[in-house]
Participant: 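Here it is: the structure, laid out below.
Start at 1 with the first residue, then count along the sequence. Computed from a prediction, not measured in an experiment: that's the story for all the values here. When a ligand or atom number is given, it counts from 1 through the structure's own listing order.
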Amino acid sequence: MRVLLVEDEPKMLGALRQGLEESHYAVDAADNGIDGLHWALNFSYDLLILDVMLPGMDGCALCAEVRRRHITTPVLMLTARDAIDDRVRGLDSGADDYLTKPFAFRELLARVRALTRRETMQKSPVLVVGDLTLDTLTRRAQRAGVTIDLSTREYALLELLMRHPNQVFTRAVIAEHLWNYDAAPDSNVIDVYIRFLRRKIDDGHEEKILRTVRGTGYQLVTPDHD
Ligand code: CA
C-alpha cells in the first residue's frame, strides 16, 4: 500500500518514513503543505498522513482541498497535544481520524491498518480468499493451513490482490500501489513478482487462484468465480 506522508519536522518525517517502509508500505513524503497537495492531487494513495502545523498550507486546509477535489482517500491527521481546536478542525475538514503527538509508532500503525481496512469494508485483520488467508497483523500467509514465507514486496502484492478479490489489476495500478515515486519499476518487474508469488501460493494446489487476464493484468479469484 502506498502512503503520502506530509510532515515538516525532519526527524519525525525520517522516523515515520523508515517505520512505515519497514512495515511494507511504499511512502512518498513532503515537508510542506504545497508540495503535499501536489502529491495528493497527482498520484493515487491508499492513505494520507498529514501533520496539522505545516509551512505553506496547513494540514486541515490541505485535507479540505483534497476533499473538494472529490478524493476520498482516508486521511489521518497528526495533531499537537491538547490542541482540541486542531482535532475538531481536522475532522471537519474531512479527515477520518487523528493521532495526538507524541504517539507510539505501533499506535500509528494500528490506525493506518484500521483506516485502510475501512476503505475496503473489511472489519477483520485477516483477509480470506478461498483457502488462502493473510493476517495483516502478523503478516502471516497460509494456504490450506500451510504457512507461506513472503518477501516484503510479495506480501504487499498479495495484500493488494486479497483486498480486492476478482478485481483485475493492471501492471500500472499494481506499480502505483506498491512502489513510491522514486522507485517506480518497469512493468516486467511486476511480472517477475507475480511469478514469484504464483509459485508460492498456487504451486502444488489444484485450484489456481492467481490468474493472468491476457492483455490486461492479474487477479486473485474466489472459488465461486468462474
Ligand atoms: Ca509540524
Participant: Which single N/O/S atom of Asp51 lies at minimum distance from the Ca ion (ligand 1)?
Facilitator: OD2
Participant: Give the ring-plane orientation class for His24 versus Tyr155, where under 30° counts as parallel, over 60° as perpendicular and anything between as tilted.
Facilitator: tilted
Participant: Check whether any N, O or S atom of Glu7 sits under 3.0 Å from the Ca ion (ligand 1).
Facilitator: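 No, Glu7 does not qualify, because none of its backbone or side-chain N, O or S atoms lies under 3.0 Å.
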Participant: Ignoring hydrogens and angles, state whether a donor on the side chain of Asp35 or Asn32 is under 3.5 Å from an acceptor on the partner side chain.
Facilitator: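 The answer is yes; a qualifying pair exists.
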Participant: Output the atom name for the N/O/S atom of Asp8 with the smallest distance to the Ca ion (ligand 1).
Facilitator: OD1
Participant: If I take every N, O or S atom of Glu9, is at least one of them less than 3.0 Å from the Ca ion (ligand 1)?
Facilitator: no
Participant: Strictly under 3.0 Å, is any N, O or S atom of Met53 next to the Ca ion (ligand 1)?
Facilitator: yes
Participant: Between Lys200 and Glu154, does at least one N-O distance fall below 4.0 Å, as a salt bridge requires?
Facilitator: yes
Participant: Does the pair Arg198/Asp203 count as a salt bridge with the N-to-O cut at 4.0 Å?
Facilitator: no
Participant: Asp51 vs Met12, test: side chain to side chain contact (heavy atoms under 4.5 Å, CB included). Steps then yes/no.
Facilitator: CA-CA 10 Å; Asp51 187 28; Met12 183 76 156; over 6 Å; no
